[in-house]
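Structure, as structure tokens:
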Amino acid sequence: MVQANIEQLEKEISQQIVKLYDDRLGKSPSQIICHFFDTEIVISLENSVTQAEQTLLKGGYASLAEQVRLYVSAQ
């Protein structure tokens, strides 16, 4: 029963991440993997970088891309 609760929590966290990305960035990652390991949680996101962030990164503005991500996620 504990395993079922953990799996449900992992699923709920993944769904909330999708919602956060959709609400804040207008785009959700193509895949989210969420797992609990003892006292740690590991969350892996694929294709979570927006087009604007990709453009900044390609232009050599990695620092600005990071600032944009932090600002948008904090709002």
Side-chain angles (χ1 to χ4, degrees):
M1 179 167 332
V2 172
Q3 184 63 31
N5 289 340
I6 290 173
E7 289 173 2
Q8 182 59 34
L9 185 56
E10 291 169 344
K11 182 178 177 181
E12 178 65 25
I13 290 170
S14 295
Q15 290 171 342
Q16 290 298 317
I17 290 171
V18 167
K19 185 177 180 332
L20 174 74
Y21 269 74
D22 282 342
D23 292 349
R24 300 291 172 101
L25 301 173
K27 166 192 187 320
S28 60
S30 61
Q31 183 176 16
I32 299 174
I33 300 170
C34 178
H35 287 291
F36 281 96
F37 296 99
D38 296 320
T39 60
E40 296 179 0
I41 185 171
V42 175
I43 301 170
S44 174
L45 308 173
E46 286 189 19
N47 300 319
S48 64
V49 179
T50 66
Q51 186 64 42
E53 291 169 312
Q54 289 176 11
T55 300
L56 289 170
L57 291 169
K58 286 178 185 175
Y61 298 100
S63 168
L64 182 55
E66 183 178 353
Q67 288 176 358
V68 168
R69 172 61 64 105
L70 291 173
Y71 175 77
V72 170
S73 62
Q75 297 303 307

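Note that these values count all heavy atoms, side chains included, but never hydrogens, waters or copies made by symmetry. Numbers for residues simply follow the sequence, beginning at 1.
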Checklist entry - Which distance, rounded to the nearest 0.5 Å, do you find between the CD1 of Ile33 and the OG of Ser14? => result 9.0 Å
Checklist entry - What's the spacing between Ile32 CD1 and Gln15 CD if we round to 0.5 Å? => result 9.5 Å
Item to check | Listed partners of Glu53 passing salt bridge (Lys or Arg N to Asp or Glu O under 4.0 Å), at least two apart | outcome: Arg69
Item to check | Set of salt bridge (Lys or Arg N to Asp or Glu O under 4.0 Å) partners for Lys11, sequence neighbours left out | outcome: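 Result, salt bridge (Lys or Arg N to Asp or Glu O under 4.0 Å) vs Lys11: none returned.
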Next on the checklist: Test: side-chain hydrogen bond (donor to acceptor under 3.5 Å, both in side chains). Region: residues 30-40. Which pairs qualify, not counting sequence neighbours?
Outcome noted: Ser30-Asn47
Next on the checklist: Grouping I, L, V, M, F, W and Y whenever their side-chain heavy atoms are under 4.5 Å apart, do Ile6 and Ile41 come out in a common cluster?
Outcome noted: yes
Checklist entry - With sequence neighbours left out, what residues match Leu9 under side chain to side chain contact (heavy atoms under 4.5 Å, CB included)? => result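 For Leu9, the residues satisfying side chain to side chain contact (heavy atoms under 4.5 Å, CB included) (neighbours in sequence not counted) are Ile13, Phe36.
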Item to check | Partners meeting side chain to side chain contact (heavy atoms under 4.5 Å, CB included) with Gln54 (sequence neighbours left out) | outcome: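 In terms of side chain to side chain contact (heavy atoms under 4.5 Å, CB included), with neighbours along the sequence ignored, Gln54 is linked to Val49, Gln51.
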Donor-acceptor pairs under 3.5 angstrom involving side-chain atoms of residues 56-63: please list them, not counting sequence neighbours.
none

Checklist entry - Got a sec, which residues hit side chain to side chain donor-acceptor pair (under 3.5 Å) with Glu12, two or more places apart in sequence or on another chain? => result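 Only Gln16 meet the side chain to side chain donor-acceptor pair (under 3.5 Å) criterion with Glu12.
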Item to check | With sequence neighbours excluded, residues passing side chain to side chain donor-acceptor pair (under 3.5 Å) with Lys27 | outcome: none
Checklist entry - Taking all atoms of both residues into account, what is the closest heavy-atom pair of Ser28 and Tyr21, and its distance? => result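 Taking every non-hydrogen atom into account, CA-CB, 3.8 Å.
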